[in-house]
Amino acid sequence: MMRTCPQCGRISTSADAQSCYNCGAQFPPMVNEQAPATGVDNTTTPSAYPYPPTYTPQSTAGAPTAPSQPPYGQPPYGQPPYGHGQPPYGQPPYGQSPYGQPTPAQPPYGPAYNASGYPGAYAPGADWRPSETPAGPPWRRIISGVVGMLILIAVIASAYTQMHGHSSSSANGASTLSADAYKTLLSDSLMSNTHGWSTDIAHCYFDQDGYHVRNGYMCFAPIGVQDDYTQTVTAKQVSGSPTQAYGLVLRRASQGNYYFFGIDANSGWIFELVVNDKVTRLQNFTRSYLIQGGLDTENTLSVTATGSTFDCYVNGQKLGTIHDSTFGAGKSALVAPGQINVAFTNYLAKV
């Protein structure tokens, strides 16, 4: 018995075939021509069945029920087999890009990687997220550490200096002047008269080796009246008796009223109070190995007046401390008593 496929029109000669061997469409159930079923027109040819046909499962006992799905590997009912027909409207053929062009490789978004004019283009393998601020070169951290250490040292040194005042102890028990810088009243090399020292060709005058004072004269320093302050000067005896003291006058209140700190060429030192030209020795002549003896030998003298206290130094080493409250202020001078000649250099006065 021949059967015609309702899908593609192929004719099958097998009476047992359930589907078309060409397209796989299901054949409609056989109609018993000997005893037509009620309501079934067996005169209609298979080509008159609607497309696609509507299948009604048969409940006749012993007859197989038509499957609800096509055989494995076949398209759904009414669909062309894979590889036939055309894709949906507007879509390219299978495996082709629109308009028949191959699909170019594109990044996930935007133009091609690192394309010109594309800010922030993503480069494969790079982290597109902004990173934390990079650490600076090691030398910056080293310099910062060194600067911080120097500042710390300076602070400690300043605190130490303030705690220890003007002097510090030496190994032999003597005290030395510190290098603290206070207000400077006068700093003069005394190699020429640039600050207005008194001059007298016979007693107070400038020469090649400094400012000379001789023959029992007192030559005043141009710093006015002072009370608490420090005087420092370098002196050498050029001629005269080695037992005659020379040095610094301080707090000269008036003529014949002052203090005197001096040394001689025999390595001795003395401190005197003069009231109305009457001399009182607050420190008798005392020899000290700190004083360089002999003529033409330089020694640096220094005296600090603070209230009623006078600290005396030579060559940076402390000789002793004197206490007296007779004069609280006065003028300053360089002095060479008797018949001696002394050259002075490097005068410094500060408060």
Side-chain angles (χ1 to χ4, degrees), residues 185-224 226 230-252 254-274 277-303 310 312-317 319 330-349:
L185 298 172
L186 177 63
S187 178
D188 193 346
S189 66
L190 297 180
M191 300 307 293
S192 62
N193 194 9
T194 57
H195 293 92
W197 289 79
S198 58
T199 56
D200 177 349
I201 191 62
H203 306 98
C204 308
Y205 60 93
F206 287 89
D207 207 338
Q208 295 181 351
D209 55 351
Y211 184 56
H212 285 252
V213 180
R214 67 179 184 177
N215 298 334
Y217 259 68
M218 184 183 295
C219 303
F220 291 98
I223 61 173
Q226 302 296 330
T230 297
Q231 283 190 98
T232 303
V233 73
T234 299
K236 68 176 180 179
Q237 183 177 343
V238 177
S239 62
S241 171
T243 61
Q244 186 67 61
Y246 57 89
L248 293 166
V249 167
L250 61 155
R251 289 185 180 177
R252 180 186 178 275
S254 60
Q255 184 174 354
N257 297 284
Y258 56 88
Y259 293 106
F260 169 63
F261 165 55
I263 63 172
D264 64 15
N266 286 333
S267 301
W269 72 284
I270 193 173
F271 194 93
E272 296 178 337
L273 167 64
V274 180
D277 289 327
K278 181 180 179 181
V279 177
T280 300
R281 290 185 174 177
L282 302 179
Q283 172 68 44
N284 289 321
F285 265 108
T286 304
R287 288 182 178 272
S288 173
Y289 69 94
L290 299 174
I291 303 171
Q292 304 296 319
L295 298 180
D296 293 318
T297 303
E298 291 186 341
N299 289 279
T300 299
L301 290 75
S302 181
V303 59
F310 304 88
C312 302
Y313 302 85
V314 66
N315 299 322
Q317 302 293 318
L319 292 173
K331 294 183 179 181
S332 303
L334 304 177
V335 62
Q339 300 299 310
I340 64 174
N341 187 349
V342 180
F344 293 91
T345 58
N346 299 320
Y347 179 85
L348 175 65

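Keep in mind that what you see is a predicted model, and the values were worked out from it rather than measured. The figures that follow rest on heavy atoms only: side chains count, while hydrogens, waters and symmetry mates do not.
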Quick one: does N215's side chain get under 4.5 Å of Q339's, heavy atoms only? yes
Is the number of heavy atoms from other residues, nucleotides or ligands within 6.0 Å of NZ (K236) greater than 12? yes
So, taking the atom named CD in Q208 and the one named CE in M191, what distance separates them when rounded to the nearest 0.5 Å? 8.0 Å
Taking every non-hydrogen atom, the tightest pair across C312 and V303: SG-CG2, 4.2 Å
Could you check if a side-chain atom of Y246 sits within less than 4.5 angstrom of a side-chain atom of V213, using non-hydrogen atoms only? no
Just by modelled atom types, is the G210 backbone N or O under 3.5 Å from a matching donor or acceptor in the D207 side chain? no
Taking all heavy atoms of G240 and all of I340, pick out the closest pair and write down the distance. CA-CG2, 3.8 Å
How far does CZ of F261 sit from OH of Y313, to the nearest 0.5 angstrom? 10.5 Å
Test ring pair (Phe, Tyr, Trp, His ring centres under 6.0 Å) on Y259 and F310 and set out the steps. CA-CA 10 Å; Y259 293 106; F310 304 88; 4.6 Å; yes
Identify the two heavy atoms, one from S332 and one from Q231, that lie closest to each other, and give their separation to 0.1 Å. CB-OE1, 3.2 Å
Please check if atom OH in Y205 has more than 12 non-hydrogen atoms from other residues, nucleotides or ligands closer than 6.0 Å. yes
Check against side-chain contact (heavy atoms from CB on, under 4.5 Å), D188 and W197: CA-CA 10 Å; D188 193 346; W197 289 79; 3.0 Å; yes
Which atom pair, heavy atoms only, marks the closest approach of S198 to C204? O-CB, 3.6 Å
Any chance you could measure R251, atom CZ, to L273, atom CG, to the nearest 0.5 Å? 11.5 Å
Would you mind reporting whether Y211 and Y347 have side-chain heavy atoms less than 4.5 Å apart? no
Quick one: does L334's side chain get under 4.5 Å of L248's, heavy atoms only? yes
S241 side chain to T243 side chain, donor-acceptor N/O pair below 3.5 angstrom: yes
Do you know the tightest heavy-atom contact between S267 and I291? OG-O, 3.0 Å
Tell me if a side-chain donor or acceptor on N266 pairs with a main-chain N or O of G268 at a distance below 3.5 Å. no
Considering all heavy atoms of both residues, which atom of Q226 and which atom of I223 are nearest to each other, and what is their separation? NE2-O, 2.9 Å
Atom pair CG/OG1 of N346 and T234 - distance to nearest 0.5 Å: 5.0 Å
Are R252 and M218 packed together at the side-chain level, in the sense that at least one heavy-atom pair is separated by less than 4.5 angstrom? yes
Determine whether F260 and V279 satisfy the following criterion, side-chain contact (heavy atoms from CB on, under 4.5 Å), listing intermediate values before the conclusion. CA-CA 10 Å; F260 169 63; V279 177; over 6 Å; no
Is a side-chain N or O of N299 found less than 3.5 angstrom from the main chain of V314, in a donor-acceptor match? no
What is the distance from atom CD1 of I263 to atom OG of S288, rounded to the nearest 0.5 Å? 10.0 Å
Determine whether N341 and Q237 satisfy the following criterion, side-chain contact (heavy atoms from CB on, under 4.5 Å), listing intermediate values before the conclusion. CA-CA 6 Å; N341 187 349; Q237 183 177 343; over 6 Å; no
Can you check side-chain contact (heavy atoms from CB on, under 4.5 Å) on L295 and V238, steps first, answer last? CA-CA 6 Å; L295 298 180; V238 177; over 6 Å; no
Say you draw a straight line from CZ of F344 to CZ of F206; how long is it, rounded to the nearest 0.5 Å? 12.0 Å
